[in-house]
There are 2 protein chains.
Amino acid sequence: MDKNLKRMATMHRMQVTGLELFYKNGYYNTSIDDILKSLSLSKGAFYYHFQSKEDFFVSIVQNLIVRKVYSLLIEPIEGKEDPFQAIEKCFENALETAEHNEMDYGFVLSNFISEFNRRNTVISNYLMDIYKVWEVNLVSILQKGKSDGFVNRHVDSEGVATYLISSYMGVRTLMVQGNCRNLRYKYMQQLRHYFNSLAQKEAV
Amino acid sequence: MDKNLKRMATMHRMQVTGLELFYKNGYYNTSIDDILKSLSLSKGAFYYHFQSKEDFFVSIVQNLIVRKVYSLLIEPIEGKEDPFQAIEKCFENALETAEHNEMDYGFVLSNFISEFNRRNTVISNYLMDIYKVWEVNLVSILQKGKSDGFVNRHVDSEGVATYLISSYMGVRTLMVQGNCRNLRYKYMQQLRHYFNSLAQKEAV
DNA sequence: ATTTTTACCGACCACTTAGTCGGTAAAAAA
DNA sequence: TTTTTTACCGACTAAGTGGTCGGTAAAAAT
């Protein structure tokens with residue numbers, strides 16, 4: 001552990017900068033040299049710590065993306081009473097982060113899922129695993145919401161989870177082109193509206 | 001016109017194959033040589049007809065993507081009586097195409113919007129123009145639906161349009177990883193549910 | 001019949017890419 | 001103190017990349 005400190009620190013620096021550039025320019029459009037240049041490190045350093053570009057990206061997924069998705073999209077809604085309120089707040093926060101910070105990890109996820117789709121199945125699988133955890137988490141909080149009387153019993157929790165994630169990913173795709181504030185406002189309004197219909201008696 | 005026939009035919013062949021490969025492998029991950037090889041054409045032929053890779057892609061957007069989005073996502077809902085029914089059918093068709101054919105143009109659009117985002121503003125703008133036309137069309141049919149008594153007057157048409165496009169783009173992102181049938185089913189179910197709430201009296 | 005244009009060929013260029021490899025200074029282990 | 005390991009350097013390679021350019025055969029225009 002102790003003796004690995006320097007190693008870990010350098011690897012972490014590379015991962016953070018790597019994710020930043022991969023996110024900004026895309027994986028295939030970002031070279032290792034780009035990352036190295038912005039860190040003032042050499043090829044040797046990179047291939048000392050990582051086996052390949054792919055291996056490097058996988059380590060980013062497992063060390064940075066997984067954890068951030070957990071802390072931003074999963075933990076905030078876990079164990080909350082009212083699922084709709086919890087999800088609404090969580091999405092609102094995430095979209096606000098997206099607006100200012102321009103790197104919320106729900107979108108990082110969907111962005112990379114798109115990019116690697118059918119181009120790199122290894123990476124795709126790692127990304128889809130995260131998506132599945134997110135989905136399962138939404139489903140379970142909705143199910144619990146049924147017992148607690150917040151969610152109509154006829155609601156299809158899996159369907160709702162899919163719909164929620166879909167719309168979130170979609171609106172984030174649109175937000176990157178600007179007009180974020182307006183999009184966020186419109187999106188949240190419709191989300192509330194949708195939730196209303198799931199709490200009422202008439203449900204599909 | 002007549003004398004341009006051969007020219008047009010070759011350009012069209014290049015565009016069709018180009019779109020296929022760009023869609024499958026991504027723009028930055030597809031070389032002109034890849035396209036030329038699969039057409040048994042040479043560099044000379046390419047640069048005789050197009051000025052650059054970017055110019056080539058723009059021509060694909062304007063000749064193929066625009067038209068397909070029109071014929072698949074815009075015209076089918078134009079002039080229909082009940083907006084919800086029209087949109088529902090249209091989306092259902094598009095997602096079915098996606099399932100079998102694996103290239104529906106609503107997704108082609110969102111896919112490329114993601115890829116070019118912040119990487120090529122010229123192309124991004126062409127793509128966003130198409131998105132805007134789609135959105136405007138949805139808004140106007142929803143507005144008309146209000147006059148005709150299908151849509152609740154308190155509904156925010158622009159918000160609904162945004163939400164619809166977002167969710168559609170999102171679900172398509174997820175569909176490419178497989179499990180299409182199930183995703184489509186769940187998505188359509190929730191869409192109908194959402195529409196129900198917009199037709200009723202209580203609206204946001 | 002001659003000239004010009006069209007549509008294409010493919011060698012070539014400058015540059016970028018992921019990845020290799022021999023070397024090395026400093027730190028840790030012996 | 002000597003040896004070994006760690007963490008890194010940077011020149012190099014082979015395989016692409018987008019794009020240029022001189023050439024050419026067939027068709028069209030004159």
Side-chain angles (χ1 to χ4, degrees), chain A residues 1-61 63 112 115-116 119-123, chain B residues 1-61 63 112 115-116 119-123:
Chain A
M1 283 294 168
D2 277 336
K3 66 172 182 178
N4 276 341
L5 258 180
K6 180 150 202 211
R7 178 186 186 82
M8 299 290 275
T10 307
M11 286 175 82
H12 191 252
R13 279 207 316 145
M14 287 179 177
Q15 287 163 343
V16 169
T17 304
L19 177 55
E20 237 171 71
L21 294 183
F22 285 144
Y23 176 68
K24 206 193 287 176
N25 309 319
Y27 177 83
Y28 293 109
N29 208 21
T30 303
S31 68
I32 294 171
D33 282 339
D34 289 340
I35 298 162
L36 262 13
K37 197 186 291 171
S38 90
L39 284 168
S40 298
L41 284 172
S42 67
K43 271 276 168 69
F46 182 86
Y47 282 95
Y48 176 71
H49 291 293
F50 303 99
Q51 283 173 30
S52 64
K53 192 184 180 186
E54 180 177 307
D55 172 71
F56 176 55
F57 190 82
V58 169
S59 85
I60 289 176
V61 173
N63 286 294
F112 286 130
E115 183 166 11
F116 289 111
R119 277 149 223 160
N120 186 316
T121 49
V122 174
I123 295 180
Chain B
M1 283 295 168
D2 276 336
K3 66 172 181 176
N4 277 341
L5 257 180
K6 178 147 202 214
R7 177 185 186 83
M8 299 290 274
T10 306
M11 287 175 82
H12 191 253
R13 279 207 315 144
M14 286 180 179
Q15 288 164 341
V16 169
T17 304
L19 176 56
E20 238 171 71
L21 294 182
F22 285 144
Y23 176 68
K24 206 193 289 179
N25 309 319
Y27 176 83
Y28 293 110
N29 208 20
T30 303
S31 68
I32 294 171
D33 282 340
D34 290 339
I35 299 162
L36 262 13
K37 196 186 291 171
S38 90
L39 284 167
S40 298
L41 284 172
S42 67
K43 271 278 169 68
F46 183 87
Y47 283 95
Y48 176 70
H49 292 293
F50 303 100
Q51 283 173 29
S52 65
K53 192 184 180 186
E54 179 177 309
D55 172 70
F56 176 55
F57 190 82
V58 170
S59 85
I60 289 176
V61 172
N63 285 294
F112 285 130
E115 184 166 10
F116 290 111
R119 277 148 222 162
N120 186 316
T121 48
V122 174
I123 295 180

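Remember, it's a predicted structure, so these values are computed and weren't measured experimentally.
- Using the six-membered ring where Trp is involved, Phe116(A) and Phe57(A) have ring planes that are tilted, between 30° and 60° apart.
- Lys43(A) is linked by a salt bridge (charged side-chain N to carboxylate O under 4.0 Å, His left out) to Asp33(A), counting only residues two or more places apart in sequence or in another chain.
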Please write out each protein N/O paired with an N/O of nucleotides 10-16 of chain D under 3.5 Å, distance rounded to 0.1 Å.
unit_1, atom_1, unit_2, atom_2, d
dG10(D), O6, Gly44(A), N, 3.0

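- Looking at residues two or more places apart in sequence or on another chain, you find a ring-ring contact (aromatic ring centres under 6.0 Å, His included) between Phe50(A) and Phe46(A), Phe56(A).
- Look at Tyr47(B) and you'll find a side-chain N or O under 4.0 angstrom from OP1 or OP2 of dG19(D).
- Looking at His12(B) and Gln15(B), their side chains come closer than 4.5 Å, going by heavy atoms from C-beta outward.
- Distance CG (Leu36(A)) to P (dG19(C)): 13 Å, rounded to an integer number of Å.
- Regarding Phe50(B), its CZ atom lies at a distance of 17 Å from the P atom of dT6(C), rounded to whole Å.
- The separation between Tyr27(B) atom OH and dT17(D) atom C1' is 12 Å, rounded to whole Å.
- The interatomic distance linking Asn29(A) (CG) with dG18(D) (P) rounds to 11 Å, in whole Å.
- Within the 4.0 Å cut-off from OP1 or OP2 of dC8(D), at least one side-chain nitrogen or oxygen of His49(A) is found.
- Closest to the side chain of Ile32(B), from the set dA7(C), dG18(D), dA18(C), is dG18(D).
- Here Ser31(A) contributes atom OG and Leu21(A) contributes atom CG; the two are 9.0 Å apart, rounded to the nearest 0.5 Å.
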Using the side chain to side chain contact (heavy atoms under 4.5 Å, CB included) rule, take Phe112(A) and Ile123(A) through it: C-alpha gap first, then chi angles, then the decisive distance, then the call.
-> CA-CA 9 Å; Phe112(A) 286 130; Ile123(A) 295 180; over 6 Å; no
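- In this structure, the CG atom of Asp55(A) is 12 Å from the P atom of dT20(C), given to the nearest Å.
- Atom CE of Met8(A) is separated from atom P of dC8(D) by 14 Å (rounded to the nearest Å).
- The shortest distance between the side-chain N/O atoms of Thr10(B) and the OP1/OP2 oxygens of dC8(C) is below 4.0 Å.
- Under a cutoff of 6.0 Å and an axis angle of 45°, Lys53(B) and Tyr27(B) form a cation-pi pair.
- The separation between Asn25(A) atom CG and dT16(C) atom P is 15 Å, rounded to whole Å.
- Rounded to a whole Å, the OH atom of Tyr48(A) is 17 Å from the C1' atom of dT20(C).
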